[in-house]
Amino acid sequence: MEFLDFFNYSFFNRALIMSILGGISCGIIGVWILLLNIPFIGVAMSHAAFAGAMTGLLLGINPVLCGFIFCVTSALFIDPVAEKTKLHNNISISLLFSFMLGIAFLFIGMLKDYRAEVLGFMWGNILTASWNDVILSTAAVIILISFIIIFHKGILAILFNREIARACGIPEKLIFYVLLIISSTVVSLHLHSIGGLLIYSLIAIPSASAYQLTYRTGTMYVISSLIAVISCIAGLFISSVTALPVGATIILISCVLFLTSVLFSKKRNYEKKTFF
Amino acid sequence: MNTAVSLSKINLTTNSSRKILTDINLKIDCGDCVAVIGPNGAGKTTILKIINGLIKQTSGEIEIFNEKISNKIKNQIGYIPQNNYFDPFLPISVKEVISIGLSSKYGIFKNFSDKDRQIIEDTAKNVGIFKLLDTPVGKLSGGEAQKLSIARVLVQEAKLILMDEPLSNLDNKAQKDILDVTDEIYKQKKATILIVLHNLSQIPSCCNKILFMSNGEIVKFGKKEEIFDNKLFQELYNL
């Protein structure tokens, strides 16, 4: 098959659009998660969405909707659990992660006739994205970018220091929770296309790469999204040509881009010149 | 004289019933500059965090400028925390951090005007960090980071400034710089200042009152000269 022939297939074009939309949204929420220093939240949210999807399959409810409810609920529990138990956020997130993983695997064991669906939610397959997925993903990107434009001063304040933001009267809790809800929405919307296990990588790796390259938050959003989009599109093409699994290829490409960004990091070169 | 801070019967206990603050009654007048001193574990930082609402007291009443604590009141409180460590790679500039003070003052939805940008530049000049405006915050020294925090609360036009050990981990020159800036803003802005300190030699000259705390209680609160005569105070600080 010729390279350009792929574009004759509507499933491939949908996958391409989903790569761009998923890349943009995962790239942006990755920046938040990295700068808020809650990297484990991406894992917890993706596993909560996965556990929700398994619950949906078991109860015969829409698995994506169920995944969304689980994801949002667990995201909203993180701060109160940390506050009540006097534990660091990352500890309460890991507790939630373990709980969700337990639920997911319990229900997988109980699901006898849904092997393909279970694997679909676990590993994802961007080539199976429907036009409905594309519409929802577009809406998520629009909401995400609108939120950044409208709330950018508040977001900047909480990314700098949540305690200072709270102390000087900025509605820190509101912004933090809206940010978590939007992140949960993005995770659950891409559960079927990218997969519950792989979406965390697409959130964490591009933002970590962008972090190596810029001292400006706005530029970090752009670079992170760009790296995520490039990883998705390159992964899609390579897997289409070589018949390798799409999700795994996307993640491995994003890892290569991360290593490249470390190699060409201006920040690291600056530190070396200054201190060594 | 108007009251800036009023604490009435404030108690704070942990879940394990350990008392952090016991029966704190305190009235600070507008325009006072109060040095909060005492040994480690006296409750100095906790009292600042109770005043700005970061910690909720177990019992008792707090009023700031005769109002209960709300986001509206918090906009008038400038807080300079103890720990000024920033991730060296943090993609946020000095200018952006100072602008957080303006977001607190105007709310997060107002677009900054040229006048606002001029205020940021003028304030940075006043505290001596103008040349660092575009520098990422992670590259600042300890003294520069403290000046940045002061610039942030100055653009906020906070009527009450809470400074939590602003001189810790600073060399002598940086300590003197911060004390000079504190004296200067007190003279210019006439704000009420509470400054937590460890060392008596660090008390800025603008301080007119001292709050001496020990074991979560107020041992003495009053004019600087009166406190220096207190026996426990003299023993603790070898006066």
Side-chain angles (χ1 to χ4, degrees), chain A residues 31-32 34-37 83-87 147-175 178 207-224 261-262 265-271 274-275, chain B residues 14-16 48-49 51-56 69-112 134-139 148-149 152-153 155-156 158 162 164:
Chain A
V31 172
W32 294 340
L34 190 144
L35 295 183
L36 284 169
N37 200 18
E83 222 162 85
K84 283 274 172 213
T85 53
K86 307 281 177 210
L87 294 170
F147 176 67
I148 290 179
I149 293 170
I150 296 167
F151 285 89
H152 79 273
K153 293 192 183 79
I155 296 170
L156 174 81
I158 73 161
L159 293 182
F160 171 63
N161 187 315
R162 284 183 66 193
E163 189 181 58
I164 288 174
R166 189 158 69 241
C168 64
I170 288 170
E172 166 265 337
K173 274 215 185 299
L174 175 77
I175 296 169
V178 173
S207 59
S209 312
Y211 193 58
Q212 310 300 318
L213 301 172
T214 179
Y215 279 115
R216 295 177 65 86
T217 315
T219 315
M220 194 172 159
Y221 284 131
V222 175
I223 297 177
S224 176
S261 69
V262 170
S265 166
K266 273 186 184 174
K267 291 177 174 179
R268 290 187 186 278
N269 292 336
Y270 172 86
E271 299 293 324
T274 315
F275 299 113
Chain B
T14 63
N15 288 345
S16 54
L48 288 201
K49 289 192 172 184
I51 290 171
N52 65 17
L54 285 176
I55 296 178
K56 183 97 180 87
I69 291 197
S70 62
N71 274 352
K72 192 182 135 219
I73 278 292
K74 282 184 182 177
N75 295 341
Q76 299 180 31
I77 306 175
Y79 176 53
I80 298 175
Q82 198 169 20
N83 186 0
N84 254 329
Y85 168 78
F86 307 118
D87 182 337
F89 283 8
L90 194 66
I92 296 176
S93 70
V94 166
K95 196 190 286 176
E96 286 174 316
V97 173
I98 299 176
S99 76
I100 292 171
L102 282 180
S103 301
S104 166
K105 181 181 164 194
Y106 296 131
I108 55 172
F109 299 115
K110 184 187 177 283
N111 285 326
F112 297 146
D134 291 315
T135 307
V137 287
K139 294 198 185 304
L148 168 62
S149 294
R152 176 176 50 78
V153 300
V155 299
Q156 188 188 335
L162 308 174
D164 192 0

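The basis for the numbers below is simple: all heavy atoms, side chains too, and nothing from hydrogens, waters or symmetry mates. Convention: sequence-line order gives letters A, B, ...; per-chain numbering from 1. Owing to the predicted nature of the structure, the values given are computational and were not obtained by experimental measurement.
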Within the distance-only criterion (no hydrogens, no angle test), does the side chain of A/K153 pair as donor or acceptor with the backbone N or O of B/S99 below 3.5 angstrom?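 Between the backbone of B/S99 and the side chain of A/K153 there is no qualifying donor-acceptor contact (under 3.5 Å).
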As a quick check of understanding, evaluate side chain to side chain contact (heavy atoms under 4.5 Å, CB included) for A/N37 and B/D87, giving each step before the final call. CA-CA 10 Å; A/N37 200 18; B/D87 182 337; over 6 Å; no
Work out which heavy atom in A/P171 is nearest to a heavy atom in B/I108; give both atom names and the distance.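 That closest heavy-atom pairing would be CG-CD1, 4.2 Å.
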Kindly give the heavy-atom pair with the smallest separation between A/C168 and B/I100, and that separation in Å.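 That closest heavy-atom pairing would be SG-CG2, 4.4 Å.
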Could you check which of B/S93, B/S104, B/S103 has the highest count of heavy-atom pairs closer than 4.5 Å to chain A?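 If we count pairs closer than 4.5 Å to chain A, B/S104 comes out on top.
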Greatest number of heavy atom pairs closer than 4.5 Å to chain A - which of B/V137, B/N52, B/I92: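 Heavy-atom pair counts peak at B/I92.
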Could you look at A/I155 and say if it's the side chain, the backbone, both or neither that has a heavy atom under 4.5 Å from chain B?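 It is neither, since no heavy atom gets under 4.5 Å.
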Toward chain B, the part of A/L35 with a non-hydrogen atom under 4.5 Å: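 Looking at A/L35, just its side chain touches chain B.
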With rounding to the nearest 0.5 Å, note down the distance linking CZ in B/F89 to CE in A/M220.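 Going from the CZ atom of B/F89 to the CE atom of A/M220 covers 11.5 Å.
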Just how far is it from atom CG of B/L90 to atom OH of A/Y215, taken to the nearest 0.5 Å?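 The OH atom of A/Y215 is 10.0 Å from CG of B/L90, to the nearest 0.5 Å.
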Taking the six-membered ring for Trp, are B/F86 and A/F160 parallel (under 30°), tilted (30 to 60°) or perpendicular (over 60°)?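 Taking A/F160 first and then B/F86, their aromatic rings sit tilted (interplane angle of 30° to 60°).
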Region of [X] that comes under 4.5 Å of a non-hydrogen atom in chain A:
X      : value
B/S70  : neither
B/K72  : neither
B/N111 : both

Using the side chain to side chain contact (heavy atoms under 4.5 Å, CB included) rule, pick out the option among A/L159, A/L34, A/T217 that qualifies with B/P91.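 For B/P91, the side chain to side chain contact (heavy atoms under 4.5 Å, CB included) check succeeds only for A/T217.
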I'd like to know if B/E96 and A/R216 make a salt bridge, using a cut-off of under 4.0 Å between side-chain N and carboxylate O.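 Between A/R216 and B/E96 there is no salt bridge, as every charged N stays at least 4.0 Å from the carboxylate O atoms.
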